[in-house]
Each structure stands twice: as C-alpha cells, then as structure tokens.
Undergrad: 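This is the structure I want to talk about, given as structure tokens.
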Amino acid sequence: DHAIIGHMWQTLAQYRDDPTILILASGDGRKNEFNTSFYEVIHEVLKTNKYPRWNVELYSFDWPMPNSQNINSPTKSKMKQLVEQSDRGKFVNLMDSYDKLVYFET
C-alpha cells in the first residue's frame with residue numbers, strides 16, 4: 001500500500017489543477033506500517049479546497065452484517081461516508097453485481 005499511497009501523493013502534487021478522477025478499489029481505510037492510508041489521500045482531495053477539479057470514485061464490497069454471522073463488510077463506514085458526503089465523490093458498491101454472498105468456513 002505504501003508505494004501506491006506515495007504515488008497518489010506525488011500525483012496530487014504534480015496534477016493539482018488538472019481535472020482528475022481518482023479511482024480507488026479498496027475501502028478498509030486502515031493505516032499501513034508507515035502510518036499512511038488511502039483515507040488520508042481521499043480526505044485531502046475531498047475535504048480541502050486544494051483540488052477543486054478532482055473527483056473520487058471508491059469501488060468496494062459493502063453489505064450489512066447478517067445477524068447470524070460474523071462477516072463484516074470490508075468497507076469502513078468512514079471511507080464510504082467521506083466519499084458519499086461529497087459532491088465530488090461517488091461510492092460504487094460491488095455487491096450490487098451479486099445476488100448473494102457465499103461464505104465457506106474451514
């Protein structure tokens with residue numbers, strides 16, 4: 001993750017004024033071993049006025065946790081909310097392409 005996050009920061013610096021769509025296929029928002037995260041980058045783009053021509057699309061699997069199972073969605077609510085609450089953000093739930101989730105326990 002840290003190499004991708006570093007590249008994202010570099011892209012932000014180099015193309016600040018260019019119209020850009022930042023597409024992220026993730027959703028956990030966790031910090032890596034270098035204490036950086038995709039959340040920080042998305043927050044910078046959507047919550048500051050530094051990148052008014054940038055948009056963010058977050059693609060991830062998201063579902064409510066079933067009452068009988070301990071199958072948590074990989075999408076953290078803070079990531080999803082950050083994107084959905086912005087006029088320049090779009091959340092695409094990959095679960096919309098599936099009828100049901102199949103879970104195998106070994």
Side-chain angles (χ1 to χ4, degrees):
D1 287 354
H2 60 278
I4 296 170
I5 293 168
H7 182 72
M8 291 168 78
W9 282 118
Q10 180 183 18
T11 302
L12 286 170
Q14 289 179 333
Y15 303 102
R16 179 183 209 155
D17 298 323
D18 294 346
T20 304
I21 300 174
L22 176 62
I23 298 175
L24 182 61
S26 180
D28 68 5
R30 287 183 235 155
K31 291 185 176 185
N32 63 22
E33 64 272 20
F34 298 103
N35 208 29
T36 61
S37 71
F38 294 121
Y39 180 83
E40 292 174 333
V41 177
I42 292 174
H43 187 275
E44 180 73 11
V45 170
L46 296 177
K47 290 291 190 178
T48 68
N49 295 325
K50 298 176 185 176
Y51 308 93
R53 299 183 74 193
W54 282 57
N55 293 296
V56 174
E57 294 183 10
L58 174 63
Y59 290 74
S60 188
F61 290 93
D62 188 44
W63 60 81
M65 189 172 87
N67 292 334
S68 62
Q69 300 292 325
N70 189 19
I71 308 169
N72 293 323
S73 167
T75 307
K76 296 294 184 225
S77 61
K78 70 177 185 177
M79 291 281 284
K80 184 178 175 187
Q81 289 171 0
L82 179 63
V83 172
E84 288 183 327
Q85 291 174 354
S86 173
D87 293 339
R88 296 181 292 117
K90 175 183 174 183
F91 177 73
V92 177
N93 188 351
L94 298 174
M95 282 301 294
D96 293 343
S97 300
Y98 297 89
D99 291 329
K100 58 185 163 188
L101 175 68
V102 178
Y103 175 76
F104 293 98
E105 187 173 334
T106 57

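Only heavy atoms go into these numbers, but all of them, side chains included; no hydrogens, no water, no symmetry mates.
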Undergrad: Please, which pairs that meet salt bridge (charged side-chain N to carboxylate O under 4.0 Å, His left out) have at least one residue in residues 44-57, sequence neighbours excluded?
TA: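 Every salt bridge (charged side-chain N to carboxylate O under 4.0 Å, His left out) pair that includes a residue of residues 44-57, provided the two are not neighbours, is Glu44-Lys50.
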
Undergrad: Considering only heavy atoms from C-beta outward, does the side chain of Leu22 approach that of Asn55 to under 4.5 Å?
TA: no

Undergrad: Lys76: which residues meet the salt bridge (Lys or Arg N to Asp or Glu O under 4.0 Å) condition with it, sequence neighbours left out?
TA: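 Partners of Lys76 under the salt bridge (Lys or Arg N to Asp or Glu O under 4.0 Å) test: none.
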
Undergrad: Distance from Tyr59 atom OH to Ile23 atom CD1, nearest 0.5 Å?
TA: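 Reported to 0.5 Å precision, the distance equals 5.0 Å.
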
Undergrad: How long is the gap from OH on Tyr39 to CG on Leu58, to the nearest 0.5 Å?
TA: 12.0 Å

Undergrad: In a table with atom names and distances, give each donor-acceptor pair under 3.5 Å that connects a side chain of residues 77-94 to protein atoms at least two apart or in another chain.
TA:
from  : atom 1 : to    : atom 2 : distance (Å)
Lys80 : NZ     : Asp62 : OD2    : 2.7
Ser86 : OG     : Arg88 : N      : 3.0
Arg88 : NH1    : Val45 : O      : 3.3
Arg88 : NH1    : Tyr51 : O      : 2.8
Arg88 : NH1    : Trp54 : O      : 2.6
Arg88 : NH2    : Val45 : O      : 2.9
Arg88 : NH2    : Leu46 : O      : 3.4
Asn93 : OD1    : Asp62 : N      : 3.0
Asn93 : OD1    : Met95 : N      : 2.9
Asn93 : ND2    : Asp62 : O      : 2.9

Undergrad: For the residue pair Val41 and Trp9, establish whether any side-chain heavy-atom pair is separated by less than 4.5 Å.
TA: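 Contact flag for Val41/Trp9 side chains = yes.
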
Undergrad: Has the side chain of Thr75 got a donor or acceptor atom that lies under 3.5 Å from a matching backbone atom of Ser60?
TA: no

